[in-house]
2 protein chains.
Amino acid sequence: MQSDTPLIPQSFDASFSLPPGRVLDICIRLQNAILAHRLKPGAKLSEDEVGEVFNSSRTVIRAALQALAHTGLVEIKKNRGAYVAKPTITNAHEVFEARTLIEPEVTRLATQKINADDMKKLEEHIDAEHKALASNDIGKALALSGIFHIAIAGIAGHAVYSNIVQSLITQSSLIIALYSKRLDTACESHAHAALLEAFGKGDGEAASAIMQSHLVDLHSGLNLRTLPNEQPSLAKALADI
Amino acid sequence: MQSDTPLIPQSFDASFSLPPGRVLDICIRLQNAILAHRLKPGAKLSEDEVGEVFNSSRTVIRAALQALAHTGLVEIKKNRGAYVAKPTITNAHEVFEARTLIEPEVTRLATQKINADDMKKLEEHIDAEHKALASNDIGKALALSGIFHIAIAGIAGHAVYSNIVQSLITQSSLIIALYSKRLDTACESHAHAALLEAFGKGDGEAASAIMQSHLVDLHSGLNLRTLPNEQPSLAKALADI
DNA sequence: TTGCTATTGATTGTATACAATTTGGCATTG
DNA sequence: CAATGCCAAATTGTATACAATCAATAGCAA
């Protein structure tokens, strides 16, 4: 694996109020690592350790970790430190419910504002998704899939929705990583291409509907009945129902 | 004015991921000060100065300011410091659009989950609103009005929506402070009582509709044509269109 | 063996000192 | 007199040292 390909380059845009400077770099690199699965849910993010990796003092690392905590990617426990978030089943449902409410509306807005340049970028993006999928680079395909949704929010030109969507998408990446029945099906959707078509026709209602059903598909493609890596749960094993 | 009445006590609940410890206290007190107008939009929040007020080091203050920046109450400019946010007209529109989309849905959820205890608390809350309004304490009435919406999100029992709504409401307080045509009308709505009635009947659709029209009313009650305290804007003054 | 308690180690929370950056004023110059 | 460049003061960005807290372990007692 190459040392440092920025998987999610435009993930943090200007509209996102983050501590500026070096902190933002570290945020992005940590986020990339988490979304690309190099850091697994539940992993400890010791301030000293992370600081050594990035050659920075704990001050900077703390700021970055706190910023990521606000987006839901990191969980900070008082006097215990920071951990890669491990979304619960409840949280997974909530995130996808929220997405199903918000993103169709954002998609409708995007349909009204999209221009030729945006269209071209989205096409290229979808190509990249297909390429990643073809070369079996599931991790990259998943990351790209998330960026696609963020890009649409960006096109909608609505900073408030953008921030919300961005946070929901990054959480979704964690959720999919934890709960997806089959990772490849989580990417391998025709929905993105279909969206592009609706955009081309300027059909906001269609685009919105496609987005909604796409999200419902993603949601129902999750196995939200049992916690992953959970030992047969003792309680359940002894429950002689 | 009494020295420190916590206007917004349950504003930050456990579901809100904030740096724990003393930082949270300072967050809340700063937030109260901002929402109660003791700190006006655009006011400089110097780290040293704030630190002196709270008898804390800059380390703690910085964390608090960054946390508030994430909720949109504070704006941090690189190497320039933190300022009380001064929402733009665009931002104001966006915030109320988002609220109009999200809160009716949250209200529907709340209708399904509300219990007698919740009802009672909401009734008491509305009484407090009326009392504040009767005694002409507009600032308090406005703050209580915001808390009412946050409380509904809490009743809905949906942590993701709760966080989003909370952030939107606090921003709304700033927006109303800046742009409301008449501050008293921003509180003096019968909508809250009507909502309670719909809750009592368990009529989710009605509750949702009431919430939506309530938000539309609030939105249209804003004067979003001219920036407040804006000098003729130079550029505009010189644009001989 | 089990349960409680105290000590210890490691990690985070906080304060402070130093470095870097910006801004405003002042002097210089056209 | 206006404009530009430079210097200094103030403020933020960063690093590090110290204090506080928690978890784990070892020791002791029942």
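In what follows, chains carry the letters A, B, and so on, assigned in the order in which the sequence lines appear, proteins first and then strands, with residues in each chain numbered from 1.
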* Does B:Glu97 have any side-chain hydrogen bond (donor to acceptor under 3.5 Å, both in side chains) partners at least two apart in sequence or in another chain, and if so, which? -> A:His158
Figure out the [atom1]/[atom2] separation between [X] and [N], and round it to whole Å.
{"X": "B:Lys77", "N": "D:dT12", "atom1": "NZ", "atom2": "C1'", "value": "14 Å"}
{"X": "B:Leu65", "N": "D:dT11", "atom1": "CG", "atom2": "C1'", "value": "13 Å"}
{"X": "B:Ile76", "N": "D:dT11", "atom1": "CD1", "atom2": "C1'", "value": "14 Å"}
{"X": "A:Asp48", "N": "C:dG13", "atom1": "CG", "atom2": "P", "value": "12 Å"}
{"X": "B:Asp25", "N": "C:dG13", "atom1": "CG", "atom2": "P", "value": "15 Å"}
{"X": "B:Phe54", "N": "C:dT14", "atom1": "CZ", "atom2": "P", "value": "14 Å"}
{"X": "B:Tyr83", "N": "D:dT11", "atom1": "OH", "atom2": "P", "value": "10 Å"}
{"X": "A:Lys44", "N": "C:dT11", "atom1": "NZ", "atom2": "P", "value": "6 Å"}

* Going by the salt bridge (Lys or Arg N to Asp or Glu O under 4.0 Å) test, which pairs reach into residues 41-57 of chain B, not counting sequence neighbours? -> B:Glu47-B:Arg58, B:Glu47-B:Arg62
* To do: Not counting sequence neighbours, list each pair that qualifies as a salt bridge (Lys or Arg N to Asp or Glu O under 4.0 Å) and has a residue in residues 160-182 of chain B.
  =>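 Output for this query lists B:Arg182-B:Asp184.
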* Residues in side-chain contact (heavy atoms from CB on, under 4.5 Å) with B:Asp117, at least two apart? -> B:Asn115, B:Lys121
* Interatomic distance, A:Gln31 atom CD to A:Leu24 atom CG [nearest 0.5 angstrom] ->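 Spacing of CD (A:Gln31) from CG (A:Leu24) equals 9.5 Å.
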* Return no unless some side-chain N or O of B:Arg62 is found under 4.0 Å from OP1 or OP2 of D:dG13. => yes
* Can you check each nucleotide of nucleotides 15-24 of chain C against protein heavy atoms at under 4.0 Å and return B for base, S for sugar-phosphate only, - for none, in 5' to 3' order? => BBB---SSS-
* To do: Apply ring pair (Phe, Tyr, Trp, His ring centres under 6.0 Å) to A:His93 and list each qualifying residue two or more places apart in sequence or on a separate chain.
  =>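 Per chain and number, A:His93 pairs via ring pair (Phe, Tyr, Trp, His ring centres under 6.0 Å) with A:His219.
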